[in-house]
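See below for the structure under consideration.
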Amino acid sequence: MVPSGQVAEKQACEEPRQDHELKSWRCLVFYLCFFGFMAQLRPGESFITPYLLEHSNFTREQVTNEIIPMLPYSHLAVLVPVFLLTDYLRYKPVLVLQCLSFVCVWLLLLFGTSVAHMQLMEVFYSVTMAARIAYSSYIFSLVHPSRYQRMASYSRAAVLLGVFISSVMGQMLLTLGRISTYMLNCISLGFILFSLGLSLFLKRPKRSLFFNRSIHVRGALPCELDQMHPGPGRPEPGKLERVLGTCRDSFLVRMLSELVENARQPQLRLWCLWWVFNSTGYYLITYYVHVLWKNIDNNLNYNGAVDAASTLLSAITSFSAGFVNIRWALWSKLVIASVIAIQAGLVFCMLQTQNIWVCYVTFVLFRGAYQFLVPVATFQIASSLSKELCALVFGINTFLATALKTSITLVVSDKRGLGLQVSKQFSIYFVYFLMMSVTCFAWAGLDGLRHCRRGRHQPLAQAQELRSPLENSVQAISLPDGDLRGPQPSAPPQLLSEDGMEDSRGDLRVEAKA
């Protein structure tokens, strides 16, 4: 028994400590969300294509076939290095780099005069796109896992609110304030410089997912322990053997091996394929849709209003996806095929219509349809993976999507390829979505036939359905002693998901926004 006086003294010491931790956590959440909000305030971003075509006097062919194609090329080149540097440098330096790259983007927009300047601007913008991964992973490195869900909701709400306010502000300043797109870009540069100042005061985490991990001897692998204390009958390994053993037993190699094992799950493969192919088509549409609007109507300029409406609809559809309760192992292919078919129809409508308002509405619906499946795919991918493995899978998906997007751009858009006009490009993108939809419908039909042959009431094999984190934890608890290698808890829904916070690109670039 502890004397009551000591208990009272211990409680008196713990209460101020808990109050201090709670206050510190609230301050941290507020600062991170404020930084995420301010970093999205770029009111000129939705009007970059009109700025290039009207103020900077670039031709539509130059914008379509020379300037925009540089974005996916450079994005593919910087994606992996920035991904590794984000973890190695522990997030904060990469967030500062992102703000500095945005400063370079807008300085080149304001003072650049040649196609080469605008291509360099796209290179810097690709760095900002790759660096967005730093914020989505940084917010989870500073708080306890029990606060992941709340942190994700707060940060996502702050980013979406920033995107919405930025788009509305840009549209109101242009339409009601009658200011020029040049002044909009000057205002955007001012907000970017302010967010750069905020990034300098961010707290730097002590550890990260892959490189900065604390290693304890008791957690060392058997081979490492053997090297420290070789047995009497075992000769000490040579230098080459030690190097090979270290590589073989490294954290990244073990994760890749575990990923190969997890890739056998049909649902995981399905949603990864959807992520790669659908996000490719989605971003190709957002890259060139503002050029298409200029072809339809060269006078109206409501890009900011459309971005604001599409952001709001994307937030609603993403939120509503969390309440869809169906048996995804059975119906996922049919749902994916239906949503892709809707996207194909909307792309066809954008291609055929000559009414700019119809084109505006179809783009808003197109973004909403894509964002409906993003949280579903995020959960289906993350539900049976550890946090580190989940981050790796999202990184691989993003890299493959960027590689595919770059290949299509090189063939279809680049002047060194076919160099097609934007209307013909949209025809190819319509065929792209149509082929994906037909493939998914055929795949779903084959699965339906197999299910009917097994019997309508026979349950689907457990191996085909990803379990939720709660089911995984229950299974891990029920395992017998000595076998505690059950599925790991899932990563936070936004962790390293390029689309968890990337959406429309507003002209060339509000890609990071939902």
Side-chain angles (χ1 to χ4, degrees), residues 20-42 45 78-79 81-106 124-163 165-166 188-214 387-388 391 394-395 491-498 500-502 511-513:
H20 176 73
E21 290 179 356
L22 181 61
K23 184 178 180 180
S24 176
W25 182 78
R26 287 176 177 175
C27 293
L28 179 62
V29 169
F30 174 79
Y31 193 82
L32 286 176
C33 292
F34 182 67
F35 169 76
F37 173 81
M38 293 303 302
Q40 303 302 320
L41 292 185
R42 301 183 294 272
E45 193 165 24
V78 303
L79 184 60
V82 171
F83 176 81
L84 297 176
L85 284 175
T86 297
D87 193 84
Y88 184 75
L89 299 178
R90 289 175 288 162
Y91 312 116
K92 178 182 174 178
V94 178
L95 289 174
V96 176
L97 174 65
Q98 182 188 37
C99 295
L100 288 173
S101 298
F102 268 128
V103 171
C104 295
V105 167
W106 257 266
F124 280 111
Y125 196 87
S126 68
V127 175
T128 69
M129 290 170 54
R132 287 164 192 157
I133 199 175
Y135 182 77
S136 58
S137 52
Y138 170 82
I139 57 179
F140 299 104
S141 63
L142 296 177
V143 297
H144 191 271
S146 62
R147 297 191 175 108
Y148 277 174
Q149 184 175 357
R150 293 173 62 185
M151 198 66 188
S153 62
Y154 294 156
S155 61
R156 183 172 177 81
V159 169
L160 290 177
L161 182 62
V163 173
I165 296 298
S166 176
S188 300
L189 180 60
F191 280 119
I192 292 169
L193 290 173
F194 181 73
S195 63
L196 173 61
L198 291 177
S199 67
L200 299 176
F201 296 96
L202 289 170
K203 182 180 178 181
R204 191 177 185 185
K206 296 181 180 179
R207 63 189 64 184
S208 54
L209 290 179
F210 304 119
F211 292 104
N212 303 288
R213 299 174 62 88
S214 55
K387 181 171 64 175
E388 293 82 5
F394 282 131
Q494 278 188 317
L495 186 61
L496 301 179
S497 169
E498 185 180 11
M501 101 177 24
E502 284 188 9
E511 185 174 334
K513 295 199 171 183

I want to check something: taking the side chain as every heavy atom from C-beta on, are L196 and S199 in contact at a cut-off of under 4.5 Å? yes
Could you report the tightest heavy-atom contact between G395 and F83, atom names first, then the distance? CA-CE1, 4.5 Å
Could you list the donor-acceptor pairs under 3.5 angstrom formed between side-chain atoms of residues 93-104 and any protein atom two or more places apart in sequence or on another chain?
from	atom 1	to	atom 2	distance (Å)
Q98	NE2	T128	O	3.2
S101	OG	L97	O	2.9

Run the side-chain donor-acceptor check on residues 29-36: report pairs under 3.5 Å with partners two or more places apart or on a different chain.
from	atom 1	to	atom 2	distance (Å)
Y31	OH	L198	O	2.7

So, the side chain of K92 versus the backbone of L200: is there a donor-acceptor pair under 3.5 Å, distance only? yes
Check: S195 side chain, M38 main-chain N or O, donor-acceptor pair, under 3.5 Å: no
Reported CD1-to-CD distance for the pair I165 and Q40, which is rounded to 0.5 angstrom: 12.5 Å
Residues that S126 engages under side chain to side chain donor-acceptor pair (under 3.5 Å), provided they are two or more places apart: S74
Looking at F124, I'd like to know if its CZ atom is crowded, meaning that more than 12 non-hydrogen atoms belonging to other residues, nucleotides or ligands lie closer than 6.0 Å. no
A side-chain contact here means heavy atoms from C-beta on lying under 4.5 Å apart; do V159 and Y135 qualify? yes
Shortest non-hydrogen contact from V105 to Y125? CG2-N, 3.5 Å
I'd like to check Y91 versus T86 (side-chain heavy atoms, cut-off strictly below 4.5 Å). Are they in contact? yes
